[in-house]
Amino acid sequence: MEYNFKEIEKKWQKHWKDNKTYKVEVDNSRPKYYVLDMFPYPSGAGLHVGHPLGYIASDIFSRYKRSNGFNVLHPMGYDAYGLPAEQYAIQTGQHPAITTENNIKRYREQLDKIGFSYDWSREVKTCEPDYYKWTQWAFIQMFNHYYDNNADKAMPVSELVKHFETKGSEGINAACSENLTFSAEEWNAMPVKEQQETLLNYRIAYLADTMVNWCPALGTVLANDEVKEGVSLRGGHPVEQKVMRQWSLRVSAYAERLLKGLDTIDWTESLKEIQKNWIGRSEGAEMVFPVKDSDVSMKIFTTRADTVFGVTFMVLAPESELVNQVVTSDQKEQVAQYIADAKKRTERERMSEVKKMTGAFTGAYAINPLTNEEVPIWVSDYVLAGYGTGAIMAVPAHDSRDFAFARTFRLPITQVVVPHGEEPADTSKWDDSIDSKEGYLINSGFINGLDVPEAIEKTKEYIREKSIGEVKVNYRLRDAIFSRQRYWGEPFPVYYKDDMPYTLDESKLPLELPEVDKYLPTEQGEPPLGRAKNWKTEEGYPIELNTMPGFAGSSAYYLRYMDPKNDQKLVSTEANNYWQDVDLYIGGTEHATGHLIYSRFWNKFLYDLGEVCKDEPFRKLVNQGMIQGRSNFVYRIKGTNKFVSYNLTKEYDVTPIHVDVNIVHNDILDIEAFKNWNPEYKNAEFILEEGDKYVCGWAVEKMSKSMFNVVNPDDIIEQYGADTLRLYEMFLGPLEQSKPWDTNGIDGVHKFLRRTWRLFSDRDGQMVVTDEEATKEELKVLHRTIAKISDDIERFSFNTCVSAFMICVNDLSDLKCHKRSILEPLTVLLSPFAPHMAEELWYLTGHNSSVVDAQWPKAEEKHLKDDSVVYPVSFNGKMRFKLEMPADASKEEIEKAALAHETAAKWTEGKTVRKIIVVPGKIINIVVG
RNA sequence: GCCCGGAUGGUGGAAUUGGUAGACACGCUGGACUUAAAAUCCAGUGGCCAUUGCGGCCGUGCGGGUUCAAGUCCCGCUCCGGGUACCA
């Protein structure tokens, strides 16, 4: 029989399912290996050919590890809460649970056809109560813990309360929203409501008035990573800044650990770099500038304390509380007007007008604590409220923003750093600030003449001695806003008593998402849960109306897979101690600042609680590149219904039109299919080239319906089979690289599988595998392939694996090798890549057990070695001829033989041989001149 | 602006520590088989010159350098992709 992929794939997929081939359990007798894919959001569009890329890679790796004796955990599930299903629900009234369930069904069908080795008994869906019970549980723990900076871990709030009762805030070093000072007496005298309000200042999950990204179009707030360039990541709607009372997670408390942890994990440099930038650690000094004629003082953060002699003004963020405290009565109106104007500017305008400086003078002056000089205090929105202290000292000579501001408002500019090899210059002639990273100090009192690094040190010392400020580390990373004013998400296990939030008892979990009549806000502007009937506790307290954001459910799913059915714990200690952490995580870079930060934070928190045994969840992470679309175009002559082939377009005035890539093969248009594709083209005429071809143009674009370049894996599987799809996705190029999907070339991979098949079976379907002894040559081919494939899998170089298989099968075909001792190990090698075919061949060669449990073959040194080496012989680095030598020939023998070669004379003639380089086993280079 | 990647035939890509550049495929050209097509198989395929034979020169974005030897290392650019952006 010929290679009948349809039958084979159906047969083995059923076999695997019936025999629970991929089900795994804790097994302390075997080493574990955990391979994880980023679970998908099941969108209505289904999978396109780009989605499985990472899944195929991880599946190959899982199967490879299993063959090498590991107990491999390889689960899959769904990130089922999300905006698209809810938006669809608003439009159609269809419950998002139904939409989601349908989409999941579709995903599952598509995934099953590809032949993955997932243990589906461990499937999780984030929208299911048994699952989100643990999301809610984690939230309660975060509510009941605070971050103790001295212990450098999360600690129970109950202990904090005990401390307050006996010692007040004295001696507390905790991550908090605001530094509070109170005595034990004051604490004990506080009404309950005030105590609760105070505790929110410390809780890791806390409710507070914070500046949030409000997206009116989506009717919800968004986290920082969900906003890009002033618009929402999903949908691209404008986002504005607004103060709202919202739940947040105190991720910033973990900033240092999140940063340090990066050094312990095996992730790509680029991904670590993105996280490093996102965390944005900067070391500097916090300094206090007293305000003249006032008891108020301004605290500022600077990384360049050494430039303090160059300060010519101060700037406050418009949102800063200090503005009202310092503003003089005659400037009050102007400042108020400015702040009102600044508020009106959307985040987008603010960003697009970066160069345009706006601001207002407060009328107040600050006193430079080092020089005792008075400098004016301004308000401007170029200073951000959310970073540092919301106030800065401006050094216009050496900061381009301060410079632009000084020029706009005609403020003085004093140079304090002179780059090496330059002279002090007249700042009034400058077009921009000058760099101050290197150089020496001028106009700077006691640090004059010092180099920048020394000056920084000396200033810091001075500040500490005189108690003007303290050395401080600042992070850009902000707390994650955790409320969404939406329906389709996890309800908060929170109720309100006297306006203060309290968490439900754990025994009440899961708090299930209630039904609502509409998925829209209420008339009073409350979130959709405001429509739920009886949305209160048994005691009658109202329950929180917000729901959790998308990243809530995805922050610990990798832990749940370890023990998905446990109704007592998120994950049992036994399961967690066995599976520990994810050994290999494959997914896209787009989650760098979202999911991958949040889940690291979440995991560290659970680690602090002793719930999990590893501090970092993902040991190794590989980013698969994006599969871009490859669009095809036809060219219509303007004003006609006539289409001209690509290479003739120069002669006409044409409009390029996207054409469905599924009716184009190797850039040749299927004209009949095109006519039927759209009624508009029914009577189209064509100008063909090279006789009868219509050649299409092409371009690389995003894969999307509107570009008509979406390729569905189902179609590829229908035509070529899943094994071909798997192999081809890998053959396309390096895993990490982004590349366009181009169906051209898939034939080559399919042909390879058919050739492989023919090593086992003749045209009439007779097995031709023999028990003859393998030749030296055949063993060499096999063992080289074993070495290459094993090595390449370890390096995640799957594209070169496919090439290596092709070379191997080509060689074996040439050798007419049909020997069991060669073909069986080859089948095992092939099984991670083309599991269906490998199973069938394994079965046909007489095995009863599945090939997934076959032992991975070992490359034997003795079969890899050659008796002789073919040396390339170069003259002055240019290869001129080849020379075959015994592998054990000495350098001298090789030199002699090379010079004695008939072609050598031609290159040495009339020249002197100056040097001969012999690298044994590699190359010979003869230097002549 | 800053940070990180990348650039190799008509196309996707290979070359793991500096050691034969273009493996393996696609496409294309020619041929075999066939009434024909499909399938399969064989040969050729970086550019230029020579092609009667050998062959020769150039060539990994551009310009320099190190080295017996550079796609690979160093210095300076250009272009493309990604991240990030008043972060003090």
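Note: hydrogens, waters and symmetry copies are ignored here, and every other heavy atom, side chains too, is used. It should be emphasised that the depicted structure is a prediction, and the values quoted were computed from it without experimental measurement. In the text below, chain A, chain B and the rest are named by the order of the sequence lines, each starting its count at 1.
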* Asked: Has A:Arg600 got its NZ or CZ under 6.0 Å from the middle of the six-membered ring of A:Trp267, at an angle within 45 degrees of the ring axis?
  -> yes
Distance check: side-chain N/O of [X] vs OP1/OP2 of [N], anything under 4.0 Å?
X	N	value
A:Tyr475	B:rC87	no
A:Arg758	B:rC41	yes
A:Arg880	B:rC57	yes
A:Gln737	B:rG13	yes
A:Arg281	B:rC87	no

* To do: Quick one: list whatever passes salt bridge (Lys or Arg N to Asp or Glu O under 4.0 Å) with A:Arg784, sequence neighbours left out.
  => A:Asp866
* Asked: Considering residues at least two apart in sequence or located in another chain, which fulfil the salt bridge (Lys or Arg N to Asp or Glu O under 4.0 Å) criterion with A:Asp792?
  -> A:Lys788, A:Arg795
Using the [atom1] atoms only, state how far [M] lies from [N], rounded to an integer number of Å.
N	M	atom1	answer
B:rC48	B:rG63	C1'	24 Å
B:rC54	B:rG6	C1'	42 Å
B:rG13	B:rA69	P	32 Å
B:rA37	B:rG31	P	12 Å
B:rA15	B:rC73	P	14 Å
B:rC62	B:rU67	P	23 Å
B:rG12	B:rU17	C1'	27 Å
B:rC80	B:rA25	P	35 Å

Measure [atom1]/[X] against [atom2]/[N] and give the value in whole Å, please.
X	N	atom1	atom2	answer
A:Trp907	B:rC68	CH2	C1'	17 Å
A:Glu736	B:rG12	CD	P	17 Å
A:His591	B:rU84	NE2	P	13 Å
A:Ile668	B:rU11	CD1	C1'	14 Å
A:Arg754	B:rA38	CZ	P	14 Å
A:Arg630	B:rG27	CZ	C1'	11 Å
A:Leu477	B:rA85	CG	P	13 Å

* May I ask you to check whether over 12 heavy atoms, not counting those of A:Tyr646, lie within 6.0 Å of atom OH? => no
* Please check if atom NZ in A:Lys276 has more than 12 non-hydrogen atoms from other residues, nucleotides or ligands closer than 6.0 Å. => yes
* Under 4.0 Å protein heavy-atom contact, by nucleotide of nucleotides 17-26 of chain B - B base, S sugar-phosphate only -> --BB--BBSS
* To do: Give me the ring orientation class for A:Phe731 and A:Tyr728: parallel if the planes are under 30° apart, tilted from 30 to 60°, perpendicular past 60°.
  => tilted
* To do: Determine, for A:Glu884 against A:Lys882, whether the closest basic-nitrogen to carboxylate-oxygen distance falls under 4.0 angstrom.
  => no
I'd like a list of close polar pairs between nucleotides 78-80 of chain B and the protein, N/O only, cut-off under 3.5 Å.
none

* Donor-acceptor pair present, A:Asp791 side chain and B:rU16 base, under 3.5 Å -> yes
* To do: For A:Arg795, report the nucleic acid contact type (base, sugar-phosphate, nothing); a contact means any heavy atom under 4.0 Å.
  => base
* Asked: Going by heavy atoms closer than 4.0 Å, what residues in residues 268-278 of chain A are next to RNA chain B?
  -> A:Ser270, A:Glu273, A:Ile274
* Please, what dot-bracket string fits RNA chain B when only Watson-Crick and G-U pairs with both distances under 3.5 Å count, crossing ones use [ ] and pairs to another strand use |? -> (((((((..(((......[....)))((((((.......))))))((((.....))))..(((((..]....))))))))))))....
* Rounded distance (nearest 0.5 Å) linking atom OH of A:Tyr720 with atom CZ of A:Arg754 -> 9.5 Å
